[in-house]
Amino acid sequence: MTEQRLLMISRDDILRVGAGKHSERLFRTLARLTRMGFQLLATAPQPDDWSRDHGGPDDALLGPESIRKRLGDAGGVLDGVYYVPRSLFTQRRNRESALNDIMTRYGIAPEQCHLFSSSSKFVEVAAGLGVQATVLDGDKQLMQGLKQLLNQAAA
């Protein structure tokens with residue numbers, strides 16, 4: 001039986017890399033990881049206002065060039081998007097609560113979770129919970145982190 005593992009990546013980081021020169025390689029790598037047993041969850045800040053209008057950040061999940069479609073075309077699966085509540089005074093607690101909720105929903109231990117995000121504060125909270133977390137400062141760093149994860153999983 002394959003060991004359950006969870007890969008969380010900021011939706012905005014996926015979109016940024018997916019719009020650049022590493023786009024095809026990103027989706028092929030993510031697809032390969034999901035085929036190797038990783039569950040893939042995008043994280044995003046909860047919108048201030050939910051709307052049915054198109055043109056918002058979540059069109060990235062629905063349209064013909066969506067994350068879900070591009071990943072599916074590469075042979076992978078996006079399990080979903082988790083919206084982390086935002087608040088000026090309780091943001092750290094919201095992040096911690098969101099990560100604990102994710103791990104509970106997936107029934108997974110922190111050491112089996114990997115988080116890639118350009119939010120250093122989100123990464124700090126995740127690492128404090130025992131999640132293997134990486135702060136992203138560029139597209140290349142995400143690709144290197146995913147390659148390293150792929151190599152570890154294949155070993």
Side-chain angles (χ1 to χ4, degrees), residues 2-86 91 94-95 98-99 101-103 105-106 108 110-127 129 131-155:
T2 305
E3 182 178 14
Q4 185 174 355
R5 296 167 292 193
L6 178 62
L7 174 58
M8 297 176 281
I9 305 175
S10 163
R11 175 203 59 201
D12 295 338
D13 291 317
I14 295 172
L15 291 173
R16 189 183 66 251
V17 176
K21 67 179 184 177
H22 300 291
S23 177
E24 293 305 315
R25 197 172 92 196
L26 170 69
F27 288 103
R28 283 194 317 267
T29 302
L30 289 173
R32 188 165 176 210
L33 284 164
T34 65
R35 290 191 305 269
M36 294 176 80
F38 280 88
Q39 293 179 280
L40 176 61
L41 184 69
T43 62
Q46 183 176 353
D48 292 329
D49 185 27
W50 294 94
S51 171
R52 292 181 155 206
D53 296 336
H54 291 289
D58 289 320
D59 279 354
L61 299 171
L62 305 170
E65 291 299 315
S66 69
I67 292 171
R68 190 178 304 276
K69 168 120 176 43
R70 292 178 71 189
L71 186 59
D73 289 347
V77 176
L78 176 66
D79 287 320
V81 177
Y82 190 97
Y83 293 96
V84 179
R86 293 190 291 180
Q91 191 58 40
N94 288 346
R95 290 179 181 118
L99 288 164
D101 184 43
I102 289 167
M103 290 185 285
R105 287 177 186 228
Y106 279 88
I108 195 165
E111 57 273 4
Q112 296 307 115
C113 298
H114 302 268
L115 171 70
F116 293 93
S117 176
S118 54
S119 169
S120 60
K121 291 182 179 184
F122 195 40
V123 168
E124 178 184 320
V125 170
L129 293 173
V131 171
Q132 299 176 55
T134 304
V135 177
L136 300 175
D137 64 5
D139 298 358
K140 190 173 181 181
Q141 188 178 12
L142 176 59
M143 295 310 302
Q144 289 171 340
L146 292 175
K147 183 179 179 183
Q148 182 179 15
L149 191 57
L150 192 59
N151 290 339
Q152 290 171 0

Tell me every residue that passes side-chain contact (heavy atoms from CB on, under 4.5 Å) with Val123, counting only those two or more places apart in sequence or in another chain.
Leu115, Ser117, Ala133, Val135

Quick one: does Leu99's side chain get under 4.5 Å of Met8's, heavy atoms only?
yes

Residues Cys113 and Val131: closest non-hydrogen pair is O-CG1, 3.6 Å

What closest approach, in Å, do Val81 and Ala44 show between heavy atoms, and which atom pair accounts for it?
CG1-CB, 4.1 Å

Residues forming a salt bridge (charged side-chain N to carboxylate O under 4.0 Å, His left out) with Glu124, sequence neighbours excluded:
Arg92

Going by salt bridge (charged side-chain N to carboxylate O under 4.0 Å, His left out), name the residues that satisfy it together with Asp79, two or more places apart in sequence or in a different chain.
none

Return yes if some donor-acceptor pair links the side-chain N/O of Gln141 with the main-chain N/O of Asp137 below 3.5 Å, else return no.
yes

Backbone N/O of Ala126 and side chain of Arg95: donor-acceptor pair under 3.5 Å
no

Could you measure the distance from the CD atom of Gln46 to the CZ atom of Arg86? Nearest 0.5 Å is fine.
8.0 Å

Candidate pair His22 and Leu142, rule side chain to side chain contact (heavy atoms under 4.5 Å, CB included), full reasoning:
CA-CA 10 Å; His22 300 291; Leu142 176 59; over 6 Å; no

List for me each residue that meets side-chain contact (heavy atoms from CB on, under 4.5 Å) alongside Glu111, sequence neighbours excluded, and say none if there are none.
Ala109

Taking only residues two or more places apart in sequence, or in another chain, which ones meet Arg16 in a salt bridge (charged side-chain N to carboxylate O under 4.0 Å, His left out)?
Asp13, Asp139

Side chain to side chain donor-acceptor pair (under 3.5 Å) involving Tyr106 - partner list, sequence neighbours excluded:
none

Are Asp12 and Ser118 side-chain neighbours, meaning at least one heavy-atom pair lies under 4.5 Å?
no

Just jot down the side chain to side chain donor-acceptor pair (under 3.5 Å) partners of Ser23, sequence neighbours excluded, or say none.
Arg70

Counting C-beta onward and ignoring hydrogens, is there a side-chain heavy-atom pair between Arg105 and Ile102 closer than 4.5 Å?
no

Shortest non-hydrogen pair, Pro110 vs Met103, comes out as CA-SD, 3.5 Å

Quick check for you: to the nearest 0.5 Å, what is the distance between Arg11 atom CZ and Tyr83 atom OH?
5.5 Å

Could you tell me if the side chain of Ser10 sits less than 4.5 Å from the side chain of Thr43, heavy atoms only?
yes

Pair Gln91-Val84, side chain to side chain contact (heavy atoms under 4.5 Å, CB included): steps then yes or no:
CA-CA 9 Å; Gln91 191 58 40; Val84 179; 4.3 Å; yes

Result block: side-chain N/O donor-acceptor pairs under 3.5 angstrom for residues 143-155, not counting sequence neighbours:
unit_1 : atom_1 : unit_2 : atom_2 : d
Asn151 : ND2    : Lys147 : O      : 3.4

Using atom types as modelled, flag every donor-acceptor pair under 3.5 Å from a side chain in residues 26-41 to any protein atom, sequence neighbours excluded.
unit_1 : atom_1 : unit_2 : atom_2 : d
Thr29  : OG1    : Arg25  : O      : 2.8
Thr34  : OG1    : Ala31  : O      : 2.9
Thr34  : OG1    : Val77  : N      : 3.4
Arg35  : NH1    : Ala74  : O      : 3.2
Arg35  : NH1    : Gly75  : O      : 3.4
Gln39  : OE1    : Gln4   : NE2    : 2.6

